[in-house]
Amino acid sequence: MPQNYVPIFIFALVAFLVAAGTVALCALVRPKNPFKTKLMPYECGITPFDNARGRYTVRFYIVAILFVVFDVETIFLFPWAVQFKLLGLFGLLEMMIFLGILIVGYIWIWKKGALEWV
Amino acid sequence: MIPVATTFFFYFLAVLAIGSAIAVITQRNPVHAALALIVTLLALAGFYLMLYAPFVAGVQIVLYAGGIMVLFLFVIMLVNLEQNIREYQFNKQWLVGTIVALALGGLLLFVYRTGRGTFPTVFYQGYRGLEGDNTQQIGLALYGQYMLPFEIASLLLLVAIVGAVVMAKKRI
Amino acid sequence: MSIGTYILVSLVKIVLALLILLTAVAYTTLLERKVVAHIQNRWGPSRVGPFGIWQPLADGLKFIFKEDLTPPYVNKPLYMLAPIIALTTALTSIAVIPIGPWIRLGSVNTPLQITDINIGLLVILGVTSVGVYGVALAGWSSNSKYSMLGGLRASAQMISYEIALGLSLIGVLIYAGSFSLSDIVNSQAGVWFGFIPKWNIFKGQFVAFFIYIMAAYAETNRIPFDLPEAETELVAGYHTEYSSMKFAMFFMAEYANMVTVACLASILFLGGWSGPVFGPPIVQSLLPVFWFAVRVFAFMFIYIWVRGTLPRFRYDQLMAFGWKFLLPLAIANIVVTAFVVAVK
């Protein structure tokens, strides 16, 4: 029943309050002594230059997209695994076709070099 | 056990979803907007739970809030949007946009008014017994009756993989 | 059971679980320092109380009273929110983990988990996926090159290994037939030939166990996969610009994730709370908890043992390992398991 999920919600709320409360509580008791050199972003001793939010390699984007695709595949596998005995041989074969198509895609991206230094 | 506080949770999730959806389109900082979208998706997952579909709620969190939004955040973080935030946001099509939005709103209101009789007023009682089996029911349906759309989905995923790699790999 | 009793029992369990988890996290730091120290042939913390017992308390007090340097150009709301997200998601995964079978306390019949829902495994995966945001936002909001790069690398590493993690669970699901963690434990009850327990690791999921452990080490950013937070690499990665309590919260989140992973590994592959049960009824209901705690402790010890022994991977080796080795191995494991179960 959906009632069973209410304790999880309460738990998440309590955990959030613990986390936020700790931060808030500590803000009350700690010393506060800011001055410019202490607050500068750390760059191994030199003065920071250039914008931190510059441009980064596109490899991270490829990783994120491939993650979404393979996560969808994993999610498709979950109800199949749970119902494995009921679905029988037919279900096994169709899932093998599904995995086969995705493995073809996986081999393609491997050969294409999209997984190099991903 | 009788469902308790269903009304409270419904309105709480509804306010949360609509509020964060409005925040998505009004926030200037794109990362804040992405976070508001994540909150909307989590509220929707809560709705799926209330509709006795826990598997769909779980998939919503794992895939949508935990996968697709990560992709959004990566793209937002990879593109430096600092100066865009401070620029003046102008939009030459605000008049057309307002007219279309009002027309769509009017259409939805009209559909609701004329079709109000077809909405169920009482929750379909037959779902009570099936709630514990949401995953199993989806499994049986997806790999039995809806096998062809399932295989087509795998082809769609293959197209997505190929498209993404081709688009992003002009010259690594 | 009426609504009031249900809510009350849940609240008691929530408070107890949080207390136990936070204490476990604190003393895992002490365990780690002592074990790594002994591996390196020196004593760990031993001054603060007998055997250094009060060291975590001293560390906690230090973190509370330390000055919190907030750099001026950070994105303040996200800077504050990132460690809170990390810690909240790390703590919430415990909500669905069962530490024992149903027990009776007077007239109350309750499972030894916060709630027994039938998509427990999916909830844990979902909460882990949302935990990636804590890392990514920490890196982005700190407005420092080291943090940004560390955050991107750490989140890319975490999402890459999440796929292998999810795929390694499929074999267990084929055997168990349900997402609910209690059902998975109950499907591993019993013994073969009188002494070999029917754990999933002996039922043929040894490869899946290996994949799960590797993926879990990478998810929790531990050696040998802890490049995003290694000091010699990117200063401290995504938590470079954090100090005092927020920094401590990142570490609490990391140790809480370790505890969750250890609990999950013992539930999924090592039979959960099964073990010899004897004695009077009160002891009988607490003994499964003891066996579960033994398994979790063994996992934590192995975690720390690996930390003291292995060097860390370079980033490209790390990603290649996740994408080019674990992923095909996990898919092969699924195919082989499916055919073995189908033939049976």
Side-chain angles (χ1 to χ4, degrees), chain A residues 3-8 10-12 14-16 18-20 22-23 25-27 29-34 38-44 48 50 52-54 56 59-60 63-64 66-67 70-71 73-75 77-78 81-85 88-89 92 95-96 99 103 106 110 115-118, chain C residues 10-11 14 18 64-73 80 83-84 87-88 91-92 95-96 114-117 122-123 142-146 148-149 152 156 159-160 162-163 166-167 170 173-174 177-179 235 240-241 244-246 249 316 319-320 323-324 327-328 331 334-335 338 341-342:
Chain A
Q3 294 85 284
N4 282 346
Y5 296 89
V6 174
I8 299 183
I10 300 180
F11 193 103
V14 172
F16 178 78
V18 162
T22 317
V23 173
L25 191 68
C26 294
V29 294
R30 63 168 71 105
K32 211 165 164 51
N33 213 352
K38 199 160 65 165
L39 290 177
M40 275 195 329
Y42 183 72
E43 199 150 320
C44 290
D50 204 2
R53 300 195 179 135
Y56 293 89
R59 291 189 187 100
F60 293 116
V63 168
L66 291 178
F67 161 66
F70 282 100
D71 214 15
E73 172 189 346
T74 310
I75 292 291
L77 279 170
F78 276 145
V82 166
Q83 287 290 72
F84 186 73
K85 303 202 170 63
L89 194 63
L92 176 67
M95 185 48 84
M96 291 303 129
L99 281 178
I103 289 175
Y106 176 71
W110 188 328
L115 298 176
E116 287 303 316
W117 202 84
V118 175
Chain C
S10 300
L11 271 176
I14 287 173
L18 271 179
I64 294 178
F65 287 110
K66 201 166 180 174
E67 175 176 356
D68 188 4
L69 302 167
T70 306
Y73 296 108
M80 305 263 176
I84 295 179
L87 188 59
T88 305
L91 291 178
T92 310
V96 296
I114 306 290
T115 167
D116 186 12
I117 58 177
L122 206 55
V123 166
S142 297
N143 207 6
S144 147
K145 295 183 200 50
Y146 291 111
M148 180 79 199
L149 204 50
L152 273 181
I159 63 177
S160 307
E162 246 170 58
I163 306 170
L167 286 176
I170 304 281
L173 284 179
I174 292 181
S178 156
F179 272 124
V235 188
T240 311
E241 301 294 338
S244 97
M245 207 57 204
K246 303 197 188 71
M249 281 164 68
D316 56 330
M319 295 299 258
W323 283 101
K324 296 192 188 175
L327 187 60
I331 295 186
I334 294 175
V335 171
V341 174

Part of A/Glu73 within contact of chain C (heavy atom distance under 4.5 Å): side chain

Option passing side chain to side chain contact (heavy atoms under 4.5 Å, CB included) with A/Phe70 (candidates C/Ile159, C/Leu167, C/Ile163): C/Ile163

Heavy-atom contact with chain C under 4.5 Å, split by part of A/Leu89: neither

C/Ile331 versus chain A, the contacting section by heavy-atom distance below 4.5 Å: side chain

Nearest-0.5 Å distance that lies between atom CH2 in C/Trp323 and atom OH in A/Tyr106: 8.0 Å

Side-chain heavy-atom pair A/Arg59, A/Glu116 within 4.5 angstrom cut-off: no

For chain A, the option from C/Gly166, C/Ala338, C/Pro328 that forms the most heavy-atom pairs under 4.5 Å: C/Ala338

A/Leu99, part contacting chain C, at a heavy-atom distance under 4.5 Å: side chain

A/Ala19: partners by side chain to side chain contact (heavy atoms under 4.5 Å, CB included), with sequence neighbours left out: C/Ile84, C/Leu87, C/Thr88, C/Met249

Winner by heavy-atom pair count (cut-off under 4.5 Å) against chain A, out of C/Ser178, C/Ala156, C/Gly177: C/Gly177

Ring pair (Phe, Tyr, Trp, His ring centres under 6.0 Å) involving A/Phe67 - partner list, sequence neighbours excluded: none

Exceeds 12 heavy-atom contacts within 6.0 angstrom, atom NZ of C/Lys66: no

Heavy-atom contact with chain A under 4.5 Å, split by part of C/Pro83: neither

Which portion of A/Ile75 sits near chain C, non-hydrogen atoms under 4.5 angstrom: side chain

